[in-house]
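Read through the structure below, which is laid out as C-alpha cells, and then see the notes.
Naming: A, B, ... by sequence-line order, numbering from 1 per chain. Worth saying up front: this structure is predicted, and the values here are computed from it rather than measured.
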2 protein chains.
Amino acid sequence: MATIYDVSLLAGVSLATVSRVVNNTGKVSDKTRQKVHDAMAQLDYRPNTIAQSLASNRSNSVGVLVSQLDGPFYGPLMREIESVLRSANKHVIIAAGHSDAAQEKEAVEFLLSRGCDALIVDAEIVTNDYLRKLCQGKTPVVLINRHVEGIADRCVHLDNLKGGLLASRHVLEFGHSRIAYISGPLFKLDARERLQGHKQALAEHGLAFDEALFFEGDFREEGGYEGMATLLDSGEPFSAVVCANDQMASGAIALCLERGLRVPEEISFVGFDDIPFPRYISPKLTTVSNPIQDMGHMAANWVLKEVYGQSDIDFNHRFEPQLVVRESVQRALG
Amino acid sequence: MATIYDVSLLAGVSLATVSRVVNNTGKVSDKTRQKVHDAMAQLDYRPNTIAQSLASNRSNSVGVLVSQLDGPFYGPLMREIESVLRSANKHVIIAAGHSDAAQEKEAVEFLLSRGCDALIVDAEIVTNDYLRKLCQGKTPVVLINRHVEGIADRCVHLDNLKGGLLASRHVLEFGHSRIAYISGPLFKLDARERLQGHKQALAEHGLAFDEALFFEGDFREEGGYEGMATLLDSGEPFSAVVCANDQMASGAIALCLERGLRVPEEISFVGFDDIPFPRYISPKLTTVSNPIQDMGHMAANWVLKEVYGQSDIDFNHRFEPQLVVRESVQRALG
DNA sequence: TAGATTAATGTAAGCGCTTTCATTTTTAAC
DNA sequence: GTTAAAAATGAAAGCGCTTACATTAATCTA
C-alpha cells in the first residue's frame with residue numbers, strides 16, 4: 001500500500017503539499033494539485049486513516065452504543081444515525097452493551113480509546129453518575145433514550161410517561177376497567193416511566209393499580225407470551241392488556257390466539273413503540289408511536305453541529321409520543 | 001488523558017517495559033509489573049488504540065459489511081458476529097452498503113483504510129471480480145451469503161436453491177398446482193437462486209412456470225403487500241403463494257386479511273428465512289429456515305482462526321435450509 | 001524597481017505506541 | 001568466585017500522517 005511519502009516522491013513535492021491536497025486545506029497551485037492527483041491515481045493511494053487520526057487527533061468517526069444490534073427497535077435508530085453521518089462523510093463505529101453494566105462500560109471505553117470524535121450513547125444500565133462523568137470528558141457525548149439530571153442538554157429522550165398515559169387512557173376511554181399491564185424490565189428507566197404513566201391514567205379514572213394484573217416482562221415477544229399465560233392462568237378477570245412495547249404485545253396476542261381467545265372482541269390490546277411488524281398482523285395493533293428515528297436524526301445532527309460545525313439544527317431534547325389507533329382495542333362489554 | 005510516557009515516568013521504567021506489561025508480552029519481573037500497574041491505575045491510563053494500531057499494524061478490530069443495519073435479517077447476523085468476536089476481545093466496526101454498488105465499495109474501502117485486521121462482508125451488489133480482487137488483498141476477507149467461483153474457500157453461504165425447492169415442494173405436496181411466487185429483487189443472487197428452486201420444484205411436478213403468477217418484490221413487507229394486490233387483481237386464479245422471504249409473506253398475508261380472504265383456508269402461504277416475528281402471528285407462518293446466525297458464527301470463527309490463531313473450528317462453507325412446518329399451508333381444495 | 005504583501009511550498013517536530021537490538025542485571029553451573 | 005547463559009530492562013527508530021513555522025516565489029504598490 002502506497003504511503004503519502006511515495007506520492008510525494010512521485011509527484012516531486014513535499015509531504016506537506018500532498019497532505020494539503022488530500023485534505024483540501026491550505027493553498028496549492030492548480031499545477032501542483034494536478035501532479036499530486038496524478039501520482040495518487042497512479043499509485044492507487046488511499047490515506048491511512050489510522051495515521052491520520054493519530055496525527056490530527058480527529059478520526060471522523062463517531063461511536064454509537066446501543067444495547068442490542070438486533071431487534072426491531074435499535075435497527076432503525078442505527079440506520080438513521082448512520083445515514084445522517086455518512087452523508088456528512090463521517091463514519092460510524094457501533095458497539096453493543098447487551099444490557100450489562102460491565103459490557104456497557106467496556107463498550108464506551110472502546111469507543112473512546114478508538115478515537116471517536118463523539119459518542120451517541122443509548123445506555124440502559126450504567127448509572128447517572130457514570131454518564132455525568134462521561135459527559136465531562138473531552139469527547140462530546142449525546143445520550144439517547146435517557147434523561148439525566150444535570151446534563152439535560154445532552155439528552156434526547158421520549159416522554160415515556162406521557163406515552164404510558166396515552167396508551168392506558170385509550171383503553172380506559174373505551175370503558176375498560178380491569179386492565180392488565182405487561183411491563184418492561186423495571187431496571188430500565190423507560191419501562192418504569194411507562195408504568196408510571198399507566199398508573200397515573202388509572203388514577204385519573206379513579207381506579208387503583210392492582211398488583212394481580214401486573215407482569216414484569218422483558219420487552220421481547222417471549223416475555224409477552226409468558227406474561228399473558230401467567231395473567232390468564234391467574235384467574236383474575238380483565239378485558240384489556242396494556243403492553244409496554246409492541247413485541248410483548250405481539251407475544252401476548254399470539255398466546256390468546258392459541259388459546260382461542262378473540263382479539264379484540266374478547267380482549268383488547270395496546271402496544272408501545274409502533275414498530276413496523278405488528279402493522280402486518282391481524283388485528284392491526286393499536287399502539288403509541290416512538291419517534292426513535294427522529295431522535296437518532298437529532299442526535300446525529302447534534303454531533304454534526306457541535307463537533308464538526310456542519311449542521312445548524314435546533315436541538316430538541318424531548319420527543320412526544322402519539323397514540324396510533326388501529327384495530328386492537330374494542331369497547332368493553334357491559 | 002495519560003499516555004504511556006506518563007506511566008513510564010511515574011513508574012520509573014522505560015516505555016518498552018510499560019508496553020510489555022500492557023500487552024503482556026516479553027519478560028517483566030513481578031516487581032516491575034506491579035509498579036507499572038500501580039502507575040497505570042493511578043493515572044487511569046488507557047492505551048490509545050489508534051497509536052497501537054499504527055505502531056503494530058494490527059487493530060484488533062474486524063470490519064463487518066452488511067447491506068442494512070435494520071430489519072429482522074441482519075440484526076441477528078451482526079449480533080452473532082459481535083458476540084463471538086467480542087468474547088475474544090476483538091472489536092467490530094460495522095458499515096452498511098445499502099444495496100448500492102458505490103456505497104458497498106466505499107464501505108469496504110473505509111473498513112480497509114480503518115485498519116481492520118479482517119473483513120466479514122455481506123455484499124449484494126459488487127461484482128464477483130471485485131470480490132475476487134478484494135480477497136487477494138492482504139486483509140483477509142470472508143464472504144457471507146454469497147458463493148463466488150474461485151474463492152469458494154472464503155464463502156459462507158446458504159443453499160438457497162434447495163430452500164426454494166423445499167418451500168415449493170411443500171405446497172405442491174399439499175396438492176396445490178396454481179402457485180403464485182413473490183420473489184425478491186432479482187439483482188440479488190439469493191432471490192434468483194430461490195426462484196430457481198421454485199421453478200425446479202414446479203418442473204418436478206410437471207408444472208410449467210407461469211409469468212402471470214410471478215411478482216418481483218423487494219424483500220420487504222411493502223413489497224409483499226403490493227405483490228399480493230397485483231396478483232389478486234390480475235384475476236389469475238391461484239391457491240397458494242410462495243414468498244421469497246418472511247417479510248414479504250407477512251405483507252401479503254396482511255393484504256389477504258384486509259380483503260377478507262382466509263389464510264390458510266382459502267390461500268396457503270410459505271415464507272423463507274424463519275425470522276422471529278411471524279411466529280407470533282396467526283396463522284403461524286410455514287417457512288424455510290435460514291441459519292444466518294450459524295453463518296455469522298462460522299464467519300467470525302474463521303477470522304479468529306485465520307487472523308488471530310485463536311479458534312480451531314472446522315470451516316463449513318455451505319449451510320442447509322430446512323422446512324419449518326407451521327400453520328399457513330393447507331391442503332388444496334378439490 | 002525596491003520594498004512590501006501574499007501565495008506556494010518545504011522542513012521538521014511530533015501524535016502515542018511497538019519492537020528490534022543493545023545493554024545491564026540476575027541466576028546457574030562448575 | 002568465575003563465567004556463561006538467561007532474564008530483565010532500556011534506547012531509539014519508526015508506523016503514516018498533520019501542522020506550525022520557515023522559506024522561497026510570485027504579485028503588487030508607489
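Applying the 6.0 Å contact sphere to CG of A:Asp153 captures more than 12 heavy atoms from other residues, nucleotides or ligands. Within a 6.0 Å sphere centred on CZ of B:Phe315, heavy atoms belonging to other residues, nucleotides or ligands number more than 12.
Relative to the side chain of B:Ser19, the nucleotides D:dT18, C:dG16, C:dT18 differ in distance, and C:dT18 lies closest.
Relative orientation of the A:Phe110 and B:His91 rings is parallel, given thresholds of 30° and 60° on the angle between their planes.
With rounding to whole Å, B:Asn57 atom CG is found 11 Å from C:dT18 atom C1'. We find that CD1 of A:Ile4 is positioned 11 Å from P of D:dG16, with the value rounded to whole Å. One interatomic measurement links the two molecules: CE of B:Met1 to C1' of C:dC17, which rounds to 15 Å at whole-angstrom precision. A straight line from CE of B:Met40 to P of C:dG16 spans 17 Å, rounded to a whole angstrom. Distance, A:Leu54 CG to D:dG14 P: 17 Å, rounded to whole Å. Atom NZ of B:Lys35 is separated from atom C1' of D:dT9 by 10 Å (rounded to the nearest Å). The distance between atom CD of A:Gln52 and atom P of D:dG16, rounded to the nearest whole Å, is 13 Å. One atom, CZ of B:Arg58, and another, C1' of C:dT19, lie 15 Å apart when rounded to the nearest Å.
With salt bridges taken as basic N to acidic carboxylate O contacts below 4.0 Å, one links A:Asp129 and A:Arg132. A salt bridge links A:Glu106 with B:Arg86; the closest basic N to acidic carboxylate O contact falls under 4.0 Å.
Contact of the A:Ile144 side chain with the A:Leu77 side chain is registered, since non-hydrogen atoms from C-beta on lie closer than 4.5 Å.
For the atom pair A:Leu131 CG and A:Glu104 CD, the distance stands at 8.0 Å (nearest 0.5 Å).
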- [ ] Summarise protein proximity over nucleotides 4-11 of chain C in one line of letters, 5' to 3': B for base, S for sugar-phosphate only, - for none, counting protein heavy atoms closer than 4.0 Å.
- [x] ----SBBB
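Both cation-pi conditions hold for A:Lys90 and A:Tyr308: the charged atom is under 6.0 angstrom from the six-membered ring centre and inside a 45 degree cone around its axis.
Annotation: proximity of residues 41-51 of chain A to DNA chain D (heavy atom, distance under 4.0 Å) is found for A:Tyr45, A:Pro47, A:Asn48, A:Ala51, numbered in ascending order.
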- [ ] Before giving the answer on salt bridge (Lys or Arg N to Asp or Glu O under 4.0 Å), spell out for B:Arg146 and B:Glu124 the whole-Å C-alpha distance, their side-chain angles and the decisive distance to 0.1 Å.
- [x] CA-CA 8 Å; B:Arg146 184 146 169 177; B:Glu124 296 188 322; over 6 Å; no
